[in-house]
Amino acid sequence: MKILKTVKEVKEEVKSWKEQGLQIGLVPTMGWLHEGHLSLIKNARENNDRVAVSIFVNPMQFGPDEDFDSYPRDLERDAKLCEEAGVDLIFAPQPEEMYPNGFCSYVDMNGLTGGLCGKSRPIHFRGVQTVVNKLFNIVTPDNAYFGEKDTQQLAVIKRMVLDLNMNVKICGCPIIREEDGLAKSSRNSYLSPEERALAPIINKAMTAGKEMIIKGERDSAKVIKAISDIILSVGVTKIDYVSIVDSLTLEPVEKIESDILCACAVYMGTSARLIDNFSLEIKG
Ligand code: PAF
């Protein structure tokens, strides 16, 4: 496995893969890998000749008061996990490599990014789209793998690829959970033992909301209130949002009449903002 830090080196490596007619899978990450990432890598490994993983904590997708500085980083640990998972190449650039002096081009969109996480993180998706676009241009993958936990991110990237005629297939992979239901996330490492003990309430509340809809509840407000009440009942003090949106447009729906996405972001303590979601197909 190669660990490369410059765009030039990656382009050279990828060029030799392309010359051999090999199919490339890319797993973009910000490192501090967990089983969620490893499931993306496994999927990429099974379906491509070569697997590249990018490890880059992208400053452009963090707001000024967010956790860019404290985001966990350990390239040695991540490299070991990648090696064991059969990765061929890690691309681990420094910010100056991705955003050299004079950098001033961005990728952005007008729809899909205004609600859900985009409401409290207004510059986030512009940063994600820009860096993912750059990674696609550098690695030129045939397939790229993203987790369904970041479901809005997945929708945004799929839309960007469609709108901009990009030659890459976007593969979404299911949420991987801890035994107690908490969605795996690099940010779980911020949780104190007490917060960690409370955190599974997010999935419990979401599951209860899902059950309400499956049993026939069609009023979004009632489902959102039930989910919020369960989360707040254990002493969590700040919910960023619980929303039910149309699964294609990501616009809020009052009545649940077609396929929906229910998503939430919850602050556990002062430092961790955790997200979770479920999708439901609604039959006529
Ligand atoms: O999901 C992430 O870890 C990041 O948003 C991504 C896609 C690697 C872009 O920085």
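Counting starts at 1 for both ligands and their atoms, following the listed order. No hydrogens, no waters, no symmetry mates; every other heavy atom, side chains included, goes into these values.
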Trainee: Taking non-hydrogen atoms within less than 4.0 Å of ligand 1, which protein residues qualify?
Mentor: P28, T29, M30, N58, Q61, V128, V131, F146, Q153
Trainee: Consider only side-chain N and O atoms of Y145 and N48, and report whether a donor and an acceptor are under 3.5 Å apart.
Mentor: yes
Trainee: Take a 6.0 Å sphere around NZ of K42 and say whether it holds more than 12 heavy atoms from other residues, nucleotides or ligands.
Mentor: no
Trainee: Kindly assign one of parallel, tilted or perpendicular to the pair H37 and H34, based on the angle between their ring planes and the thresholds 30° and 60°.
Mentor: tilted
Trainee: Under a 4.0 Å threshold between the charged nitrogen and the carboxylate oxygen, would E76 count as salt-bridged to K80?
Mentor: no
Trainee: Connecting only ILVMFWY residues whose side-chain heavy atoms lie within less than 4.5 Å of each other, what is the rest of Y190's hydrophobic cluster?
Mentor: M30, V57, F62, F68, Y71
Trainee: Report yes or no: does S243 contribute a side-chain atom to a donor-acceptor pair with the main-chain N or O of V245 at less than 3.5 Å?
Mentor: no
